[in-house]
Structures are given as C-alpha cells and as structure tokens.
Amino acid sequence: MAKLSDPVTVLKGVGPSRAKQFAQLNILTLEDLICHFPRGYEDRTKLVTISQLEPDVPACFKAMVMNTPRVNHIRKGLDITRVQVADSTARLNITFFNQKFAAEQLHYGEEYIFYGAVSGDYAGYNMPSPSFEALDAPAVNTRRVLPIYPLTAGLSNTILLKTVRQALAICDPPKEILPPEIREQFGILPAERAYYAIHEPQSLQEAEAARKRMIFEEFFVFSAGLSLMRAARGMKKTKPYENRDLRDFYGALPFQLTGAQQRAISQIMEDFGKGAPMNRLVQGDVGSGKTMVAAAAAFCAARNGKQTAFMAPTEILAEQHCKSLEALFAPLGVSVTLLTGSMTQKEKRLTRERIAAGQVDVTVGTHALLTESTVFSDLGLVIADEQHRFGVAQRSKLSEKGEDPHLLVMSATPIPRTLALLMYGDLEVSILDERPPGREDVDTFLVGESYRPRINAFIRKHVSQGHQCFVVCPAVEENEELDVKSATVWADTLQKTVFPDLRIALLHGQMKGAEKEAVMASFAAGQADVLVATTVIEVGVDVPNATLMVIEDADRFGLSQLHQLRGRVGRGQAKSYCIMTTHNRNPDTIQRLKALCKTTDGFKIAEEDLRLRGPGDFFGSRQSGLPAFRVGDLSIDLATLHQAQEASAQWIDTQGTLDTPEAQNLRQRISALFQRAEGTMN
C-alpha cells in the first residue's frame, strides 16, 4: 500500500510533465489528490429516449450506430467526424470536432450509451461531441453521478477522475478525526465512507452527505484550532493591574459615554485584572466611539506604570489619534507622542530615546512602531486600529516588544457574527452597537445619471455653505471595458467644465504614500472643496466639515464597502448626505443598493452583504483573514459551520487532554490547516 505522503508520481501515468500540471492545482501528494474535491456533480444515471432530448439540456441515452462514421478534413487543425444514431423513437446526427478516435471506437450496428446536449437549433437534430461508452464498458462518463473537478490546462475531468480512483485503490484515505458520538449527534458519515463517496457517489444524496462531512470536518478542525490557541494563551501569566479606577478618566471627558462603550470598557478592566494577557476585539460601526474605549484602556495601563503602543494604518489617522489623545490626557498627566515614517531622522531618534527611557506613556504610530530601533521600557498594552489592515505577523511583532502585553484590536468594519467567530475566534469580542448622542444618520439616496444636474447643484450648495464633499470613483484611470467613472478623468472634468471656480483635489491608490498623506491632510485642513478619490479613503481620515459623499457607479462596490465610504461623512454637527449613482438596471442590483438607503446599521448591512456576495467582499481575497477552506463556503454552509463550532466546543471541553488516537489525528490536521492558511489568515 502507498502512503498519503507519497508523491503523485507513484501513480501509473503520472510522469514529471503530468506532475507539473497537478502542481498547478497544489496537488503534490496522494493526500492532496484525494482531498481535491469535486466542485459539483452531474447526474448521468437517468436514461431518456432520443425523442425526449431537450435543446441545450445534457442527458444520457442509449442508441445504435446507424452508419459507419465519416471523417472529413476541413482545414489544418480541424477534422470533423459525423455519424447517425437511433433508438426506437427517433434518429440523431452526431458531430465530433477533432476527435478521430470516435470513428475508430463507434461501430455500425452496435449500441452505446451517449451523454450530451442537442444543439439549440433542434430542427437539425444535431448533437456536438457527446461522451460515449460501450454497454459492457466500465461506467466512467455515463450511467453514473459524475464528479466535476476544478481543473487546469492539460488536465481533463476524465484524467483527474481516473487518477483519483487509482489513488484510492492503492492508498487508505485520511484517518478519522471525528469521535463516534459527534458523528451520531450531527448525522455525519464516517471518514472512510465519505472519502470514497465524495469521489464515487452512488447517488446525488450520497454525494451531498459526503460533501457535508468534508465541510463539517474542515470547520470542526478550524474551530478546534482556535479553541486550542485560546487555551494556550490562557496559560500565559501576567501581573494583574491593581489600579483600575477610571473616575479621573470619566471626569475629564466632555461628554457622556454610551452604554455600549461603558460595557466594553468594563470588559477590558475585567481582563486587566485576570492575570493573563488580554486578547480582545472591539468591533463597532463607523462613529460608534472605539477611540474612547481604547483611550480608557491606555489610561488604565499608564496608571499601572505600563506603556501603550497604538498602531494606526495611515500617518494621517495616527496624527488624528495623537491629537485627540493629547487633548484628553494632558490634564490627567498621561504623556502621548507620535512616531511615523515621515518624521526626520533626528525627530525619530529623540522620540525613540524618550520611549526607551520610559518617559512616554502612549506612543501612537504607524509601521514605524514595528522597527527594531523602536524599544519600549515596559510595554503593557498593544492597540491595533483597523485590524484587517495588519497581518497577524505584524501584530505579533508589536506584542514581542513587551512581556506578553495585553492586546486590544479595533475594527470599524462591521462583520457578521459568523465571520467574526472565524476571523477572531481566538479573541474575546466587544461590540459597540450604539452611536454617541448628537450623531445623526446620513441620509442616503440612489439615483440614475438623469439626476446629474441636481447632484452638481447639491455639491455647489454644500460648498457655498462652507462645507466639503467627497466624490468616490471605482477606477483610477479610464477603462473602456469597465465603462465606469475614473477618478483621474472625473476630477479633471469637474475642475475644467463643471466647477472651474471650486478647488478640486485628487486622491488614489497609485499615488506615493507621502503624496497621498499630503492630499488628505490638505483636504482635512479645508484647503480643497471637493476631493475626488478611489476607495483609498474608505478607512481613516476624520473630516468633520465634509457633509456630502457622492459615490459614482455604486453597483461596483460591495454593501459593506459602500457603508464604510458613507461613514466618511456625518462626523460633524451639520446634516450629512450620501448620493449613490448607477446606470445598472438589474433588479437584484437595485434591490441590493436600496438596502443601504433603508438602514445605517452596519451589522445588518454586513449580514445582507454576506448573504448576497459571500465573505470575500469584506476585505478582498488575500486580506480576508479567513483560511483557504478546500470545500466549505461560508456564504452557503452557515448551518454546518454552526454545528461544527458547537461540536468542537463540546469536544474540547470533554477531551481536554486530547491524547486519544482521534485527538492526535485532529492535532495533526489542525497544524496542517493553519500552515496552509498562513498568508491568508490575519
């Protein structure tokens, strides 16, 4: 018997060139091959008669060859083989393109099983290039439920099917990792049966049961892995903070905190008293007041003689956090400093000397905080703002600058609870679901191109009242294929022909970092009336004077992204508006965008986005923070995910030692999943 770790080249017919093709699908070993699951199935078990064939609907039928197949050489690179077949109900013409073997394998007067679809022009009774098999041949492409695999150039479905079949014949599938009681409770197939059934199902029902097993197993392994990570963190010890009295902090605030903010702060204070490093996510919608929650944590750390590192994704955001914290902490005797890449070498050196000497309580900065030359005297708290912009490696690097410091992660991206559990399953979660008093909803409208004169008049009205506007475009430069507004062209059009008397600024992701920061800073300082930008403004700058957001070609964005963009306005006292334009008339698209006009609840929007578009939209594929699941799909397999999370929690609780054979297999699988997910997980 072969082993799962053996290379695919041990299989008959898999030489070096074929192995390279498999490598394109990340299939290097027999285990990779056996775990390369079908993306779907075709039910080829039911036979119909020729008269029952429907145009463009593939089906299986039995027919006799009525003449000797003829091959015509049409031109270089094109041979056509024609043959007529019939059953008791009708005749059918079949045409094969560049498949000379059909002429050799189809014999006059013999019956075969065919699978294909008659062409849309039914009057011709013609079927192009069907699969076929002799009645006494093994059922490979007909008379069966056929798995359809993800493929690459040079690898056909038939080749993959035969290779998988060969692998399963010489090698046992991966070992069982799910205990019998969990399989029984959730109706899950045993491993061995499931691995055979997913590749060689006897029915669609069996294929679905096997697929459910694989999805359940994948989610189970991931959830168990997060539980073990959390348990390992719980074993770390740190000195509890003795002084958790926040009366001075609350007294210095010029406003009352919301109940949600107070609840999150209480949870953080509880963490500080446990004697283990805190790992908490504060998740709040745009404008829910996360910075004040972070400030309370930093104040408490300072009162206990500890330093705080506060990492922001952009320099301008770091500067804004620094200013607001300085104003708040000055009367309380808590020192704040800024450390960013654009500071002069001398400024950076002097700042780092003060940090290392313990003369600074709170250091706000960007990636400059991560460099080796930044050394803390006694780092007790790490705050990461907009978590999904930082990878787990960066977060760890910052944490390593202290002895198991507390970690507070903040995210303004509302994430459905399902995804939050997966992305941050190793963190405790605090949700800010209230808005500070005085913050009004941003009125949102969806309009077509016919409203352009009114949009322009509305922009002019806001500017004439002393306010500023954002205009967001989906593309940086013009692209005829996409047919969407580009930021560069639209900014030029607005400046030259629409608003020659206004100050129009341009911001997009292809600009250099320093240039972007300068444009954003000048807009925040009121030196431009209208900022035309791409989604580079999605996270970050606070411009209370901006009261209007116009989003061009809104159908090109996900709901969560649109909600983030809308959150750039409504940050001051004046009434704010968001206008989305689209020339897309698809009813589903219109319904999706109208959902945004009806609510400003980011969590409801996120749930709707997950339902409509799947999880990738939240952060883009490589930044999603989600593991590369082989078979599970978070947008449609939520029920299975919940079952697997429940099952893994039960399993970890009852099998704490994890020294059974299943548990050993589970540990190995957890390790493999997290290694495979490296680079995609945050």
Side-chain angles (χ1 to χ4, degrees), residues 1-42 131 138 140-141 144-177 189 191-201 206-208 210-222 225 616 621-622 624 626-634 637 665-681:
M1 286 289 280
K3 297 195 294 292
L4 285 168
S5 56
D6 286 345
V8 286
T9 47
V10 303
L11 297 170
K12 207 184 293 181
V14 182
S17 61
R18 181 73 80 211
K20 274 185 189 166
Q21 292 169 340
F22 276 116
Q24 292 296 311
L25 295 169
N26 293 319
I27 297 172
L28 306 175
T29 65
L30 295 186
E31 181 171 15
D32 295 334
L33 182 60
I34 290 169
C35 293
H36 185 71
F37 300 126
R39 58 178 171 78
Y41 297 88
E42 285 179 1
S131 301
V140 176
N141 284 308
R144 60 168 294 174
V145 174
L146 187 77
I148 306 299
Y149 291 93
L151 302 171
T152 190
L155 280 180
S156 68
N157 201 66
T158 304
I159 289 170
L160 227 145
L161 194 57
K162 284 179 178 172
T163 319
V164 170
R165 188 181 269 180
Q166 194 189 150
L168 283 169
I170 66 165
C171 178
D172 289 331
K175 293 190 179 85
E176 181 64 79
I177 61 165
L189 291 181
E192 188 168 9
R193 185 177 159 204
Y195 277 100
Y196 286 105
I198 202 163
H199 293 294
E200 300 269 357
E206 189 180 45
E208 192 47 47
R211 186 178 170 277
K212 183 187 173 181
R213 152 78 204 209
M214 299 311 172
I215 295 167
F216 185 94
E217 179 179 300
E218 208 160 32
F219 289 156
F220 181 89
V221 169
F222 186 69
S621 55
R622 293 298 292 175
S624 70
L626 298 172
F629 290 125
R630 275 178 165 142
V631 63
D633 181 341
L634 289 167
D637 299 320
N665 295 337
L666 175 58
R667 273 189 187 283
Q668 286 172 9
R669 199 71 66 79
I670 288 169
S671 183
L673 176 69
F674 279 80
Q675 276 173 2
R676 204 171 76 237
E678 211 170 311
T680 60
M681 281 180 59

Enquirer: Starting at NZ of Lys12, measure out to NZ of Lys162 and round the result to the nearest 0.5 Å.
Expert: 12.0 Å

Enquirer: Say you draw a straight line from SG of Cys171 to CG of Leu11; how long is it, rounded to the nearest 0.5 Å?
Expert: 9.0 Å

Enquirer: Could you tell me whether Lys212 and Glu208 make a salt bridge, using a distance below 4.0 angstrom between a side-chain N and a carboxylate O?
Expert: no

Enquirer: State, to 0.1 Å, how close Ser131 and Asn141 come at their nearest heavy-atom pair, and which atoms those are.
Expert: CB-CB, 4.2 Å

Enquirer: Take Arg18 and Leu155 through the side-chain contact (heavy atoms from CB on, under 4.5 Å) test and state the conclusion after the steps.
Expert: CA-CA 8 Å; Arg18 181 73 80 211; Leu155 280 180; 3.6 Å; yes

Enquirer: Donor-acceptor check, side chain of His36 to backbone of Pro150, threshold 3.5 angstrom: yes or no?
Expert: yes

Enquirer: Does any N or O in the side chain of Glu42 come within less than 3.5 Å of the main-chain N or O of Leu146, such that one atom is a donor and the other an acceptor?
Expert: no

Enquirer: Would you compute the distance between atom CG of Leu30 and atom CG of Asp172 and round it to the nearest 0.5 angstrom?
Expert: 11.5 Å

Enquirer: Under 6.0 Å from the CZ atom of Arg193, do we count more than 12 heavy atoms belonging to anything else shown?
Expert: no

Enquirer: Measuring only between side-chain heavy atoms, which start at C-beta, is Thr163 closer than 4.5 Å to Val8?
Expert: no

Enquirer: Distance check, rounded to the nearest 0.5 Å: Leu161 atom CG versus Glu200 atom CD?
Expert: 6.0 Å

Enquirer: To the nearest 0.5 Å, how far apart are OG1 in Thr152 and CZ in Phe22?
Expert: 10.5 Å

Enquirer: Would you mind reporting whether Leu151 and Asn157 have side-chain heavy atoms less than 4.5 Å apart?
Expert: yes

Enquirer: What I'd like to find out is whether the side chain of His199 reaches to under 4.5 Å of the side chain of Pro38, using heavy atoms alone.
Expert: yes

Enquirer: Any idea how Tyr195 and Phe37 line up, ring-wise: parallel (<30°), tilted (30 to 60°), or perpendicular (>60°)?
Expert: tilted

Enquirer: Between Arg144 and Glu206, is the closest basic N to carboxylate O distance under 4.0 Å?
Expert: no

Enquirer: Can you measure from OG1 (Thr9) to CG (Leu28) and round to the nearest 0.5 angstrom?
Expert: 10.0 Å

Enquirer: Considering all heavy atoms of both residues, which atom of Ala167 and which atom of Ile34 are nearest to each other, and what is their separation?
Expert: CB-CG1, 4.2 Å

Enquirer: side-chain contact (heavy atoms from CB on, under 4.5 Å), that's the test. Do Leu25 and Tyr149 meet it? Break it down for me.
Expert: CA-CA 11 Å; Leu25 295 169; Tyr149 291 93; over 6 Å; no

Enquirer: Taking all atoms of both residues into account, what is the closest heavy-atom pair of Ala191 and Pro174, and its distance?
Expert: CB-O, 4.2 Å

